[in-house]
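Before any comments, here is the structure.
Basis for what follows: all heavy atoms, side chains included, without hydrogens, waters or symmetry-related copies. So you know, we letter chains A, B, ... as the sequences are listed, proteins then strands, and number each from 1. Only a predicted model underlies this, so the values are computations on that prediction, with no experimental measurement involved.
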There are 2 protein chains.
Amino acid sequence: MSHLSQSIPKDKVRAASEGLRAIAHELRLSVLCHLLAEPMCVAELMEATGSSQSNLSQHLSKMRLMGILQNEKRGQQVYYHIANPAFAELVEALKKIYCPEMCFVDTEKKTREG
Amino acid sequence: MSHLSQSIPKDKVRAASEGLRAIAHELRLSVLCHLLAEPMCVAELMEATGSSQSNLSQHLSKMRLMGILQNEKRGQQVYYHIANPAFAELVEALKKIYCPEMCFVDTEKKTREG
DNA sequence: TCATAATATTAGCAATAACTAATAATAGAA
DNA sequence: TTCTATTATTAGTTATTGCTAATATTATGA
């Protein structure tokens, strides 16, 4: 079928590899999955992921520095959201592979499972 | 747009994370990109990636054990190919993000760049 | 201002992962 | 069988990454 596709140039492979490593970590991926739905503050993400404050904060910081996330202060809370739509797409693509049954909920007739 | 998408269950996140880590490594990703085009033997992959025999072999072995690759002996050579189409899809998705200009070569008019 | 809640940062340790060098295994050729 | 080419495996070292505990910062409220 697509056996003509070319291999990616070295610098692009490196960039892709960095991007993948950034989201491959279990906690970071979990955060991204949650943020796919809506922006959340750190406390909410702690609750949702079960991770410690410090650890989570470090991973959020890492993703922010990489341009994957952006944050916005509201009072004492800091809300995070996915800044780069490419990563949202990647995570959606992942879901299609690892959770195919979840991927039709919002696009197809959602009456099927109530 | 798809703000209704649910977050992936914990065990699926773990599986996705493992899958991502498997392909996130620069050398492994490079190998996958090459194998996207056609099966290749170890010597060819050494040439294509510039990696050492031992190192490459270890990464090939890892991907084989994870079910990403399969190999086939032809004489003294061992040819590798992508065994799991999901990973081929993932790498193609990556290419769409990191190398959008390469992604139309085989599907659209390829006369554009000769 | 002082106290508290939410988040960020730092340092140090623990766990993983990757690489190199050496050696082993296997297939084919002489 | 012996030699060579190809690939695999192992052991040991180095590098990277992640985690915890402690501390700092920032905003809010009393």
Listing, residues 60-82 of chain A side-chain donor-acceptor contacts under 3.5 Å, not counting sequence neighbours, or none:
{"residue": "A:N71", "atom": "ND2", "partner": "A:Y80", "partner atom": "OH", "Å": "3.3"}

A:S52 side-chain N/O to D:dT20 phosphate OP1/OP2 under 4.0 Å: yes
Show every donor-acceptor pair shorter than 3.5 Å between a side-chain atom in residues 23-32 of chain B and any protein atom, with sequence neighbours excluded, or say none if there are none.
{"residue": "B:H25", "atom": "ND1", "partner": "B:L27", "partner atom": "N", "Å": "3.1"}
{"residue": "B:E26", "atom": "OE2", "partner": "A:R14", "partner atom": "NH2", "Å": "3.4"}
{"residue": "B:R28", "atom": "NE", "partner": "B:A22", "partner atom": "O", "Å": "2.6"}
{"residue": "B:R28", "atom": "NH1", "partner": "B:H59", "partner atom": "ND1", "Å": "3.0"}
{"residue": "B:R28", "atom": "NH2", "partner": "B:R21", "partner atom": "O", "Å": "3.1"}

First and last nucleotide of DNA chain C, 5' to 3', lying under 4.0 Å from heavy atoms of chain B: C:dA18 to C:dG28
Side-chain-base donor-acceptor pair under 3.5 Å for A:S54 and D:dA21: yes
Length of the line joining B:Y80:OH and D:dT7:P, which is rounded to integer Å: 9 Å
Spacing of B:M40 atom CE and B:M46 atom CE [to the nearest 0.5 Å]: 12.0 Å
Degree of bending in the helix from C:dT1-D:dA30 to C:dA30-D:dT1 once both end axes are built from five pairs, to 10°: 10°
A:F87 CZ to A:L94 CG distance, which is reported to the nearest 0.5 Å: 11.5 Å
Any donor-acceptor pair under 3.5 Å from B:E18 side chain to B:A15 backbone: no
Interface with DNA chain C, restricted to residues 17-27 of chain B and to heavy atoms under 4.0 Å: B:H25
Note, A:K10 side chain near A:K12 side chain (heavy atom, < 4.5 Å): no
Intermediate values then yes/no, side chain to side chain contact (heavy atoms under 4.5 Å, CB included), B:V91 and B:L35: CA-CA 11 Å; B:V91 178; B:L35 294 183; over 6 Å; no
Within 6.0 angstrom of A:E47 CD, more than 12 heavy atoms from elsewhere: no
Any B:Y79 side-chain N or O less than 4.0 Å from OP1/OP2 of D:dT6: no
Between D:dT14 (P) and B:N55 (CG): distance, integer Å: 17 Å
Strand contacts (DNA chain D) in residues 56-77 of chain A, 4.0 angstrom heavy-atom criterion: A:Q58, A:H59, A:K62, A:G75, A:Q76
